[in-house]
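Worth knowing before you read on, the calculation uses all heavy atoms, side chains too, and leaves out hydrogens, waters and symmetry mates. All values derive from a computational prediction rather than experimental measurement.
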Amino acid sequence: MLPKTFLLVSFILVCGLIETAGAQTFTVQSFEGIKTQIKIAHGSNDENVTIYCLHDSLKLRFYNNMQDVSVLQNKFLQITYRVHAGSDIASTNLLLLCVSKGKLCQALHIMSFINASIKAVDTDTDTLVLDEHRFFQSKSHLTGTNKSNYRFNINLQDKSTSKSDPKTNYSIDTSMVLNFDPDKHVFYSDHRVVSQYFSVYDYKTSKDIIRYFKGTFPVIKIRQNITYYFIKGEWYNRSSNNQLSKDA
């Protein structure tokens with residue numbers, strides 16, 4: 001009789017093979033010069049997406065549907081996908097992947113589009129107390145020929161209008177150039193020194209946990225109140241408070 005551990009491992013491997021059988025496959029060149037396949041696989045639920053590379057993988061959280069996938073300069077896989085958001089909110093993320101030493105590297109993972117209408121009504125008086133519209137979009141392209149001179153160029157349009165509080169209105173059109181860290185294999189706009197506690201949402205337990213981070217980390221700031229931190233191989237989205245969350 002086969003041991004239970006062997007049966008469990010075999011079951012996991014078979015499930016993985018079934019999931020990747022109908023996967024989309026793209027070929028990139030790793031930073032070691034090896035042609036490597038990256039597979040995007042949908043589970044039994046179309047909203048469950050896992051990206052595979054050799055023995056590495058990552059899952060996209062809040063995934064809704066795929067918008068576009070393309071290979072940039074044979075080195076990067078660019079994935080644009082819609083995410084689940086609240087009612088009257090359309091939101092899109094941009095994920096840029098590369099491969100080093102057989103591992104998937106999230107070169108960047110940021111919000112690239114949002115169109116949201118936010119309204120709130122005072123039920124006691126039946127009056128509209130909040131009426132805002134927010135719009136954000138980015139257009140980007142990669143330049144450079146190798147890891148010493150790669151640049152990721154982004155044009156940003158960020159606009160917020162409020163009928164309930166017009167003094168908070170703003171409209172920003174700007175551009176930014178992200179440098180590439182050849183050791184961490186990530187794009188960044190700056191580095192920040194961090195030494196503090198954060199509230200981090202744990203998707204396994206569905207609870208917030210308190211974690212302490214200390215160090216100098218690559219960051220990308222794309223909106224007034226949204227900054228992304230690259231910490232221990234993962235991108236965290238930091239909102240205006242000390243809350244950190246991940247999209248993968």
Side-chain angles (χ1 to χ4, degrees), residues 9-85 89-115 137-142 147 150 152 154 178 180-181 184-188 201 203-204 220 222 228 230-237 245-248:
V9 171
S10 299
F11 175 76
I12 293 173
L13 290 173
V14 169
C15 289
L17 289 172
I18 292 173
E19 189 174 56
T20 58
Q24 293 177 278
T25 302
F26 302 86
T27 301
V28 300
Q29 189 178 63
S30 73
F31 279 101
E32 291 70 43
I34 301 171
K35 286 188 176 181
T36 307
Q37 288 188 338
I38 298 177
K39 297 184 177 182
I40 303 175
H42 292 257
S44 55
N45 181 349
D46 284 341
E47 297 178 356
N48 177 21
V49 170
T50 306
I51 302 172
Y52 295 91
C53 173
L54 298 175
H55 304 296
D56 197 12
S57 65
L58 65 88
K59 291 183 181 291
L60 297 182
R61 307 186 191 280
F62 313 116
Y63 173 87
N64 189 319
N65 61 65
M66 197 71 66
Q67 288 197 323
D68 182 68
V69 183
S70 57
V71 176
L72 305 181
Q73 298 195 16
N74 295 319
K75 279 290 197 296
F76 299 93
L77 186 66
Q78 180 175 268
I79 301 172
T80 306
Y81 67 97
R82 293 192 64 177
V83 301
H84 282 291
I89 300 176
S91 183
T92 301
N93 280 354
L94 174 64
L95 170 62
L96 200 63
L97 294 171
C98 56
V99 179
S100 180
K101 299 179 181 179
K103 296 290 186 179
L104 283 170
C105 304
Q106 296 184 59
L108 65 83
H109 199 170
I110 60 176
M111 181 180 68
S112 58
F113 174 85
I114 188 167
N115 190 12
Q137 71 173 354
S138 65
K139 295 182 180 180
S140 56
H141 65 278
L142 176 69
K147 63 182 181 180
Y150 282 132
F152 201 70
I154 307 178
L178 304 182
F180 187 70
D181 186 320
K184 294 183 173 63
H185 303 102
V186 297
F187 288 95
Y188 65 94
Y201 187 75
Y203 293 94
K204 293 182 179 179
I220 301 174
I222 62 168
Y228 293 87
F230 187 75
I231 303 174
K232 296 182 179 180
E234 298 180 296
W235 282 106
Y236 288 86
N237 174 0
S245 61
K246 298 186 295 183
D247 290 313

Donor-acceptor pairs under 3.5 Å, side chain of residues 108-115 to any protein atom, not counting sequence neighbours: which ones?
| residue | atom | partner | partner atom | Å |
| --- | --- | --- | --- | --- |
| His109 | ND1 | Gln106 | OE1 | 3.0 |
| His109 | NE2 | Tyr81 | OH | 2.7 |
| Ser112 | OG | Thr92 | O | 3.3 |
| Asn115 | OD1 | His133 | NE2 | 2.7 |

Closest approach of Leu60 to Leu95 (non-hydrogen atoms, all atoms of both residues): CD2-CD2, 3.7 Å
Side-chain contact, heavy-atom cut-off 4.5 Å: His42 with Tyr63? yes
Aromatic rings Tyr228 and Trp235: how do their planes relate, parallel, tilted or perpendicular, breaks at 30° and 60°? perpendicular
Thr25 side, atom OG1; Ile38 side, atom CD1 - distance, nearest 0.5 Å: 10.5 Å
Locate the shortest heavy-atom distance separating Asp247 from Phe62; write the atom from each residue and the value. OD1-CD1, 3.7 Å
In Å, rounded to the nearest 0.5 Å, how long is the span from OG of Ser100 to CD1 of Ile34? 9.5 Å
Interatomic distance, NZ@Lys101 vs CG@Asp56, rounded to 0.5 Å, equals 14.0 Å
Check step by step if side-chain contact (heavy atoms from CB on, under 4.5 Å) holds for Cys98 and Phe31. CA-CA 8 Å; Cys98 56; Phe31 279 101; 3.6 Å; yes
Show, in sequence, the C-alpha distance, side-chain angles and deciding distance for Leu96 and Leu142, and conclude whether the side-chain contact (heavy atoms from CB on, under 4.5 Å) test is met. CA-CA 11 Å; Leu96 200 63; Leu142 176 69; 5.5 Å; no
Please round to the nearest 0.5 Å and tell me the distance separating atom CG of Asn64 and atom CG of Asn93. 11.0 Å
Show every donor-acceptor pair shorter than 3.5 Å between a side-chain atom in residues 65-80 and any protein atom, with sequence neighbours excluded, or say none if there are none.
| residue | atom | partner | partner atom | Å |
| --- | --- | --- | --- | --- |
| Gln73 | NE2 | Gly144 | O | 3.0 |
| Lys75 | NZ | Gln29 | OE1 | 2.8 |

What are the two closest heavy atoms between Lys39 and Ala23, and how far apart are they? CB-CB, 4.0 Å
Please give me the minimum heavy-atom distance between Ala85 and Ile89, naming the atom from each residue. CB-CG2, 3.5 Å
Could you state the interatomic distance from CD (Glu234) to CG (Leu58), rounded to the nearest 0.5 Å? 9.5 Å
Lys184 meets the side chain to side chain contact (heavy atoms under 4.5 Å, CB included) criterion, sequence neighbours left out, with Asp181, Val186, Pro218, Phe230
Does the side chain of Ser140 reach to within under 4.5 Å of the side chain of Phe152, using non-hydrogen atoms? yes
Test of ring centre spacing under 6.0 Å for His185 and Tyr150: no
Write down the atom of Glu32, the atom of Val99, and the distance for their closest heavy-atom approach. OE1-O, 4.3 Å
Report the C-alpha separation of Leu104 and Ser57 in whole Å, then their side-chain angles, then the decisive distance to 0.1 Å, and conclude whether the side-chain contact (heavy atoms from CB on, under 4.5 Å) test is met. CA-CA 7 Å; Leu104 283 170; Ser57 65; 5.5 Å; no
Run the side-chain hydrogen bond (donor to acceptor under 3.5 Å, both in side chains) check on Lys35 and Thr27 step by step: do they pass? CA-CA 7 Å; Lys35 286 188 176 181; Thr27 301; over 6 Å; no
